[in-house]
Amino acid sequence: MGWSVMASAIHNLDLSVDVFFDLLSESTEDYLYVWDIQNGLFHMSDNSFDELQISRQIETNVISVWSNAMIEEDQEAWLDDMQLIHDGKKDYHDMEYRIYNKKGEVIWVSCRGKVKKDENGLPQLMVGRISNIGKQNKFDNVTGLMNRQQFEKDLKHLLKQTTMEGIVVVLDVDNFKNINEKYSYAFGDRTLNFIARELTTLLPVGCQMYRLDGDVFALLIPKGTKEIVTMIYENIQMYIGNQFVMEGQQIYVSMSAGACFFPKDSNNYQKLLRHAESAVEVAKLNGKNQLVFFSKEMYHEKIKLIELQESLHACVSRGCDEFELYYQPQIDTKTKAVVGAEALLRWHSSQHGEVSPIEFIPLLEESHLIIQVGKWVFEQAVTQCKKWQEYNPDFMMSINVSYIQLKENALLEYLRNNHHELTLKNFILELTENCWVPNLQFLNQEFKGIQEMGYGIAIDDFGTGYSSLSHLKELPANVIKIDRSFIRGIKEGSYEYTFLEYIVKLAHIIDLKVCVEGVETLEEFEIVKKALPDYIQGFLFGKPICAKEFEERYFMQ
């Protein structure tokens, strides 16, 4: 039925508007309306009051009530269109815009109407319907952005235009789960809505934003360039990094982004999305809060990471059969005698050869395999240390600990059940400083429990992370290890030397031992020892070697 026919039916038949709407509403999910323009009366079907953020006041004040139900950015265009209809300059209404439903969520609606004029040509009556087009898998109800299905449709449409070039960008909010956990999932949804609305204002004309799922968004930029994408991303970084306040809360978030070009990187929807997502993963692996452009080399590197992950799972399932511990000697600064060793994990992969710890340790942590592997490392190091304590009862063994092991409450429980009849003070558990300080309260509690059992605690890479000096007295530690970056090129009287000397003196005042890592030359040692650290560890006195070689070199001579 056309709108003019419907209007005539209502106007001429002996039916009340209520009865007419009740009959029609039973056959549609749309919200039906009749606007008596000349008398200022407005009627909507009852389902609209059940589902939308409107009141019955709309029946006598449609312009004010309906515009207030609409998000602010869409009000102006709607009001302009209503003015044209009221002035008799248009006899139809056809718009898509965003309004709030009863739950306070943003939904997209399609609003259509037809105007009937009187004998003087003035608008008399408008009849129409409003459809929730979010229900048609086009829009996302949380953010009001177009959704994954529409993204796929729009990108495929562009790809059919053989001469069209453009860019696909995937944006992923870093650590968004922390917001959900701290404030609630409802707050998280409102935050995503806020992010979506604010970021769309930063986009140039022609750039469309979509919500793919969760905290992942996409940008589609026809005729885009690398420079345009970089500019957009920098604007996003600047906004959420400096101005992001949500409901009075300063929210600290960042966004990682991955971009790829079409048709250069592919002319296939699935491949383009996969390439952009791969670039995002690389951005996150490289520290987050950055934009990465897809490349074939990067893709091959990702495939390699996947293969490494698969091989690691297989190795762990076989009882860590391809892992081995190497040991680097720790030297008494005064006597140059070997007083301990740091146990370092090595992977001799049958498929990939010798894999650097820099590559495989992050993969173990990401997959949480580090919990199982950490137990294996501890058992191997303990067994070896017990053997070497037969040569030197005071021999110390340093074992690296991952933050994941602590966070999952795996380490403390394991240690309580596996003392191995050891002299525990000779076992030093190491955690890097930049894992420690941001989580000081939690880690202090964990490490105090470990110390109470008798184990020693070391802060690794000291001086490379946060405000270390202000935390020294709070940290439940026995040893601090100075990073190689403060030793490289050290000269007496230099900043590096002054820093080292100051840290050693301060540490000794509060009964902490100091181990200096990365000493590689005799010149470095001669300067470092003047600062009076307790221990030295570095290539000058020995590289990491297997247990058999370590024993032959340091105990059999």
Side-chain angles (χ1 to χ4, degrees), residues 327-344 374 377-378 381-382 384-385 388-389 392-403 405-406 411-412 415 422-437 439-440 443-444 446-466 468-487 499-519 525 528-529 531-538 541-542 544:
Y327 301 90
Q328 185 171 28
Q330 295 171 335
I331 308 300
D332 182 288
T333 306
K334 295 179 181 177
T335 66
K336 295 185 183 180
V338 175
V339 293
E342 179 180 358
L344 299 164
V377 167
F378 187 84
V382 163
Q384 194 62 64
C385 187
W388 288 342
Q389 282 180 344
N392 177 3
D394 295 323
F395 189 84
M396 297 182 298
M397 181 68 76
S398 293
I399 304 170
N400 290 285
V401 174
S402 166
Y403 175 62
Q405 292 170 268
L406 293 165
L411 183 63
L412 196 56
L415 293 177
L422 301 171
T423 306
L424 298 184
K425 67 182 179 64
N426 286 357
F427 287 87
I428 312 296
L429 305 182
E430 297 187 11
L431 186 75
T432 58
E433 177 204 359
N434 45 355
C435 287
W436 193 316
V437 176
N439 306 280
L440 198 60
L443 291 175
N444 272 357
E446 289 288 300
F447 271 152
K448 281 178 181 176
I450 292 172
Q451 273 192 327
E452 286 170 2
M453 282 187 273
Y455 291 96
I457 305 294
I459 311 172
D460 199 10
D461 301 332
F462 188 83
T464 62
Y466 298 81
S468 311
L469 299 180
S470 64
H471 292 96
L472 261 181
K473 68 176 183 178
E474 302 176 52
L475 299 173
N478 305 93
V479 180
I480 58 174
K481 302 185 75 174
I482 305 296
D483 185 70
R484 161 72 184 163
S485 60
F486 287 94
I487 307 307
F499 174 87
L500 176 61
E501 187 178 41
Y502 179 61
I503 292 299
V504 172
K505 287 180 180 178
L506 186 59
H508 286 167
I509 289 171
I510 54 178
D511 296 322
L512 291 176
K513 302 288 187 182
V514 178
C515 177
V516 177
E517 295 184 288
V519 176
F525 172 69
V528 165
K529 73 177 183 180
L532 304 178
D534 302 277
Y535 312 116
I536 299 290
Q537 183 177 338
F541 295 99

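To the nearest 0.5 Å, atom NZ of residue Lys529 and atom CD1 of residue Ile331 are 13.5 Å apart. Here Lys505 contributes atom NZ and Leu532 contributes atom CG; the two are 8.5 Å apart, rounded to the nearest 0.5 Å. Distance check, rounded to the nearest 0.5 Å: CD1 of Ile459 to CG of Leu431 gives 9.0 Å. Atoms CD1 and CD1, from Ile536 and Ile482 in turn, are 10.5 Å apart once rounded to the nearest 0.5 Å. Between the CD1 atom in Ile450 and the CG atom in Leu415 there is a gap of 5.5 Å [rounded to 0.5 Å]. Here the CG atom belonging to Asp460 is positioned 11.5 Å from the CD1 atom belonging to Ile480, to the nearest 0.5 angstrom.
Side-chain atoms of Asn400 do not come within 3.5 Å of backbone N or O of Glu430 as any donor-acceptor pair. Put simply, the side chain of Asp534 gets close to the backbone of Val514: a donor and an acceptor are under 3.5 Å apart. Side chain of Asn426 to main chain of Pro393: a donor-acceptor pair is present (N/O by atom type, distance under 3.5 Å, no hydrogens or angles). When atom types are taken as modelled, the side chain of Gln389 and the backbone of Phe395 share a donor-acceptor pair closer than 3.5 angstrom.
Closest heavy-atom contact between Gly542 and Gln328: O-NE2, 3.1 Å. The heavy-atom pair separating Val338 from Asn392 by the smallest distance is O-ND2, 4.1 Å. Scanning both residues, Val516 and Pro533, for their nearest heavy atoms gives CG2-CB, 3.6 Å. In terms of heavy-atom proximity, Gly518 sits nearest to Ile487 at O-CG2, 4.3 Å.
Between the side chains of Gln330 and Gln537, a donor-acceptor pair is found at a separation under 3.5 Å.
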Let me see the working for Glu342 and Ile428 under side chain to side chain contact (heavy atoms under 4.5 Å, CB included), right down to the final yes or no.
CA-CA 9 Å; Glu342 179 180 358; Ile428 312 296; over 6 Å; no
Could you go through Glu501 and Val504, starting from their C-alpha distance and side-chain angles, then the distance that decides it, and tell me whether this counts as side chain to side chain contact (heavy atoms under 4.5 Å, CB included)?
CA-CA 5 Å; Glu501 187 178 41; Val504 172; 6.0 Å; no
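Evaluation of the salt bridge (charged side-chain N to carboxylate O under 4.0 Å, His left out) rule for Lys336 yields no partner, not counting sequence neighbours.
Ring geometry for Phe378 against Phe427 counts as tilted: the plane angle lies between 30° and 60°, on a 0 to 90° scale.
Counting heavy atoms from C-beta on, the side chains of Met396 and Val339 come closer than 4.5 Å.
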